[in-house]
Structures are given as C-alpha cells and as structure tokens.
Engineer: 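The structure follows.
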Amino acid sequence: ALYVHWPFCVSKCPYCDFNSHVRDSVDQAAWRDALLADLAYEAQALPGRRLGSIFFGGGTPSLMPPETVAAVIDAATAHWPA
Ligand SMILES: C[S@@+](CC[C@H](N)C(=O)[O-])C[C@H]1O[C@@H](n2cnc3c(N)ncnc32)[C@H](O)[C@@H]1O
Ligand code: SF4
C-alpha cells in the first residue's frame, strides 16, 4: 500500500495536529518532482513488491493538480506492478 501526503489546506483547522499548512502559492512543479524523486528512492529500497492500493491524504489532497496525481499514479504503477 502506498500513502501519498499533500500537506496543504485552504485554512488550518484549530484542532488539527497533522502535517498541513496554508500557503498563498505552492511550487507545483517542485512538489511533483519531489514526490516522484521520493517514489524512485522508495522503489529502489523496496523492489519486487506488488501495489495493492494508493491513498492520497493530507492536508487536503483534492487541492493537488490532477496532472500531479496522474504523474504519481503512473510512476507508482511503473515502479511496482499492481
Ligand atoms: C487530517 S484530516 C485530512 C483530510 C481532510 N483535510 C479533512 O479534514 O477531512 C483527516 C481527519 O483527521 C481529523 N483530525 C484532524 N485533527 C485531528 C486531531 N488532532 N485528532 C484526531 N483527528 C484529527 C480530521 O477531522 C479529519 O477527519
Ligand atoms: S488536514 Fe483537514 S483537519 Fe487538518 S487543517 Fe487541513 S482541512 Fe483541517
């Protein structure tokens, strides 16, 4: 199982202890590249696994650009077969 964390929210709920932050702007290309680099690192450390599920959490993962979600899914399924 793969968990992908998107640590940004529109506003910060006062009770929230999670890794979530409000930012006026997010460098989307840098975050996409960092997620893909992290996936590549984990893939070489965990070869030969099968991917049963991908969970996008946050933060507010619905704020992720669809292109970034697609890139993460494509990379994950390329690293580990379903
Ligand atoms: C961290 S949020 C991420 C998803 C989305 N942003 C949301 O609020 O539903 C996931 C769940 O954790 C809950 N949560 C936030 N802060 C918490 C805390 N300090 N203790 C327990 N649950 C918390 C939220 O209410 C929400 O149901
Ligand atoms: S992660 Fe969820 S609970 Fe935490 S600040 Fe964002 S919207 Fe609120």
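In what follows, every heavy atom counts, from backbone to side chain, and hydrogens, waters and symmetry copies are set aside. Atoms within a ligand are numbered from 1 in the order they appear, just like the ligands themselves.
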Engineer: Which residue and atom name correspond to the protein heavy atom nearest atom 8 (Fe) of ligand 2, and how close is it?
Structural biologist: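 Answer, as residue, atom name and distance: Cys13 SG, 2.4 Å.
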Engineer: Can you sort out which atoms of ligand 1 are near Asp17, meaning under 4.0 Å from one of its heavy atoms?
Structural biologist: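 Near Asp17, meaning under 4.0 Å from one of its heavy atoms, ligand 1 has 16 (N), 19 (N).
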Engineer: Within a distance of under 4.0 Å, is there any protein heavy atom near atom 4 (C) of ligand 1?
Structural biologist: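 True for atom 4 (C) of ligand 1.
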Engineer: Got the closest protein heavy atom to atom 23 (C) of ligand 1, with its distance?
Structural biologist: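 That would be Phe18 CE1, 3.6 Å.
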Engineer: List ligand 1 atoms under 4.0 Å from Gly58, heavy atoms only on the residue side.
Structural biologist: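 Taking each heavy atom of Gly58 in turn, ligand 1 has 1 (C), 3 (C) under 4.0 Å.
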Engineer: What's the shortest heavy-atom distance between Met64 and Leu35, and which atoms?
Structural biologist: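 For Met64 and Leu35, the tightest heavy-atom pair comes out as CE-CD1, 4.1 Å.
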Engineer: Quick check: closest heavy atoms across Pro7 and Trp31, and the distance to 0.1 Å?
Structural biologist: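 That would be CG-CH2, 3.6 Å.
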Engineer: Against heavy atoms of Cys9, which atoms of ligand 2 measure under 4.0 Å?
Structural biologist: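 Listed by number with element: 1 (S), 5 (S), 6 (Fe), 7 (S).
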Engineer: Checking side chain to side chain contact (heavy atoms under 4.5 Å, CB included) for the pair Val22/Val10: CA distance, chi angles, key distance, verdict?
Structural biologist: CA-CA 6 Å; Val22 177; Val10 171; over 6 Å; no
Engineer: Work out which heavy atom in Ala71 is nearest to a heavy atom in Leu36; give both atom names and the distance.
Structural biologist: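 Residues Ala71 and Leu36, closest heavy atoms: O-CD2, 3.6 Å.
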Engineer: Where is the nearest protein heavy atom to atom 6 (N) of ligand 1: which residue, which atom, and how far?
Structural biologist: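 Going by distance alone, atom 6 (N) of ligand 1 is nearest to Gly59 O, 2.9 Å.
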Engineer: In terms of the angle between their ring planes, are Phe8 and Trp6 parallel, tilted or perpendicular, with boundaries placed at 30° and 60°?
Structural biologist: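 Rings of Phe8 and Trp6: perpendicular, over 60°.
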Engineer: Hey, does Leu39 have a side-chain heavy atom less than 4.5 Å from the side chain of Leu2?
Structural biologist: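 Side chain of Leu2 against side chain of Leu39, heavy atoms only: contact under 4.5 Å found.
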Engineer: Answer yes or no for atom 9 (O) of ligand 1: protein heavy atom present at a distance under 4.0 Å?
Structural biologist: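 Answer no: nothing from the protein, no heavy atom, is under 4.0 Å.
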Engineer: So which protein heavy atom does atom 18 (C) of ligand 1 come closest to, and at what separation?
Structural biologist: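 Heavy-atom neighbour on the protein nearest atom 18 (C) of ligand 1: Tyr15 O, 3.8 Å.
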Engineer: Taking 2.8 Å as the cut-off, does Cys16 contribute an N, O or S atom near atom 4 (Fe) of ligand 2, distance below it?
Structural biologist: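 Checking Cys16: at least one N, O or S atom is under 2.8 Å.
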Engineer: Quiz question for you: does at least one protein heavy atom lie closer than 4.0 Å to atom 25 (O) of ligand 1?
Structural biologist: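 For atom 25 (O) of ligand 1 the answer is yes, since some protein heavy atom falls inside 4.0 Å.
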Engineer: Which ligand 2 atoms does Gly59 reach within 4.0 Å, using its non-hydrogen atoms?
Structural biologist: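 Heavy-atom distances to Gly59 below 4.0 Å select 1 (S).
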Engineer: Considering all heavy atoms of both residues, which atom of Arg50 and which atom of Ala82 are nearest to each other, and what is their separation?
Structural biologist: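 Shortest heavy-atom separation between Arg50 and Ala82 comes out as NH2-O, 2.7 Å.
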Engineer: Protein heavy atom under 4.0 angstrom of atom 21 (C) of ligand 1, is there one?
Structural biologist: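 Answer no: nothing from the protein, no heavy atom, is under 4.0 Å.
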Engineer: If every non-hydrogen atom of Thr60 is compared with every non-hydrogen atom of Cys9, which pair is closest and at what distance?
Structural biologist: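 Looking at all heavy atoms of both residues, the closest pair is OG1-SG, 3.1 Å.
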Engineer: Considering only the protein, which heavy-atom contact is closest to atom 16 (N) of ligand 1, and what is its distance?
Structural biologist: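 Ranking protein heavy atoms by distance from atom 16 (N) of ligand 1, first comes Cys16 CA, 3.3 Å.
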Engineer: Do you know which two heavy atoms are closest between Arg49 and Pro81, and how far apart they sit?
Structural biologist: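 Closest approach of Arg49 to Pro81: O-CD, 3.6 Å.
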